[in-house]
Structure formats: C-alpha cells, structure tokens
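Please read all numbers here as calculations on a predicted model, not as lab measurements.
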Amino acid sequence: MRAQNAEIAQQGSKLADAKADVKPADDMALRRLVAGALLDVRVRIGDPYPAALAATKALAPNPDVLKPLDQFAEKGVPNAGRLSTELLALVPKLLPAAQQNNATTTGTGIVERLQAGAAKLVKIERTDTAGNDRGAVVARITAAALRNDFNEARRELKALEPADRAAAQSWLERADARDAALAASRQFAADAMAALGKPAQ
C-alpha cells in the first residue's frame, strides 16, 4: 500500500509538471479574424465603429494598415447615396458664372419691366449632356449623382479643369478616402482569414 501510494504521488507530481509545461493554445489568429470581420461589417453598412476599430488595432500585427479607417470611425463610412446627396448640393457652385444682363429698364414701359423681371425668375439650362464644355460635364455629374452613381460622377468631376472643380475638391478627397477605408477593412479581414488557415508556427 505504501509503495502504491508513493507511486501514485509520483505519477501525480509528473502530471502536474506536464500540465505546467503545456502552453495554452494561441487563439490570436481567431480573435484577429473575428475582430476584423465585425469591423468590416460595420464599415460596409456605414455604422460608427470606434470601439471595433480600437479592438482590431490592438490585435493587428501592423495597426497602420487600418489608418484609412480613422477619419470615418465616429460617423461611419458614407454610402453612395450620402455622397451623391452631398455632391448635388455642390453642383450649383460648379456651374459657370451666369452672364449678367446689361439691359436696363430705366424709362421703359410696364411690359418691358415685367419681361425683365420674368427673365430674372426663369433660368434656362441645357438638358443634353453631349460635349466636353463645362456645362455639359456638370449636367452629366448631376445626372450621375441623381442615380446615386457617385463613381461616374467622380469620373466626370475629374474631367473638369482643377480650377473649375475647386468647389468640389473636398468631396473628391472624401470619396477617395471612402474607397481607401473600404479597401483597408476588406484587406484586413481577408488577411486574417488567410492567416487562420496557416499552421501554427
């Protein structure tokens, strides 16, 4: 009995030592994947994501790859509809300055004064979008923004001379930043998925 008890005690101490030597499984790759996937979902639907971004950066091997996401964290990445609405508000600033009417109404009759007043109220704009002049390009930008096709609107906007598109330059930068944020989020999630499939080193 004493011999058996001593052997059991010896086996118990060996098991305890073996357990101490065993390291817990590293689940970093799985945690990185889950954090990256949750962040990517929030980025794509346009929700704010400051907590998700902070958690993902803490798990990221290189947090700088998520830098494009910083500027949209508090309000969310704008969708195509929101960007198109913002651009439509800028369209009047892109139009060429209207020609001033030099006609005077001094000494004219009531009919001429009514015509002059009506001319100020009615604006005539071209509805065709053919041509490369500024008015035609702005018409195409407007049509694309009304369809929520902000990529087409951005292409047309970049066709304008830098001075002509100055009023919408910040919008262009915002649209480019949106693409960079979506790409960074998508790439991080894809890299996390690929890393999960690799054998542990």
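- Both Leu90 and Val138 belong to a common hydrophobic cluster when Ile, Leu, Val, Met, Phe, Trp and Tyr are linked at side-chain heavy-atom distances under 4.5 angstrom.
- No side-chain heavy atom of Arg165 sits under 4.5 Å from any side-chain heavy atom of Ile141.
- Taken from CG in Leu53 to CG in Leu38, the straight-line distance is 13.0 Å, to the nearest 0.5 Å.
- Note on Leu182: it does not cluster hydrophobically with Leu172, by side-chain heavy-atom contacts below 4.5 Å among ILVMFWY residues.
- For Thr56, there are no side chain to side chain donor-acceptor pair (under 3.5 Å) partners, not counting sequence neighbours.
- Arg134 places a side-chain N or O within donor-acceptor distance of the main-chain N or O of Leu94, the cut-off being under 3.5 Å.
- Linking Ile, Leu, Val, Met, Phe, Trp and Tyr whenever their side-chain heavy atoms come within less than 4.5 Å leaves Leu33 and Val65 in two separate clusters.
- Under a hydrophobic clustering in which Ile, Leu, Val, Met, Phe, Trp and Tyr are joined whenever their side-chain heavy atoms come within less than 4.5 Å, directly or via other members, Leu39 and Val34 fall into different clusters.
- The pair Asp191-Arg32 does not count as a salt bridge, with every side-chain nitrogen at least 4.0 angstrom from each carboxylate oxygen.
- Side chain of Arg42 to backbone of Pro48: a donor-acceptor contact under 3.5 angstrom is found.
- Under the 4.5 Å side-chain criterion, counting only non-hydrogen atoms from C-beta, Leu157 is in contact with Leu87.
- In plain terms, the two heavy atoms of Phe188 and Ala60 that are nearest each other are CE1-CB, 3.6 Å.
- The nearest pair of heavy atoms linking Ala89 to Pro92 is O-CD, 3.6 Å.
- Applying the salt bridge (Lys or Arg N to Asp or Glu O under 4.0 Å) rule to Arg44 yields the partners Asp40; only residues at least two apart in sequence or on another chain are considered.
- Here Arg174 pairs with Glu86 under the side chain to side chain donor-acceptor pair (under 3.5 Å) rule; sequence neighbours left out.
- Of all non-hydrogen atoms in Ala153 and Ala144, the two that sit nearest each other are N-CB, 3.7 Å.
- Remark: Asp47 engages no residue in a salt bridge (Lys or Arg N to Asp or Glu O under 4.0 Å) (not counting sequence neighbours).
- Checked against salt bridge (Lys or Arg N to Asp or Glu O under 4.0 Å), Arg178 has no partners two or more places apart in sequence or in another chain.
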Acceptor/donor pairs from residues 66-84 side chains to any protein atom, 3.5 angstrom cut, sequence neighbours excluded:
unit_1, atom_1, unit_2, atom_2, d
Asp70, OD1, Lys57, NZ, 2.8
Asp70, OD2, Lys57, NZ, 3.3
Asn79, OD1, Gly81, N, 3.2
Asn79, OD1, Arg82, N, 2.7
Ser84, OG, Ala80, O, 2.9

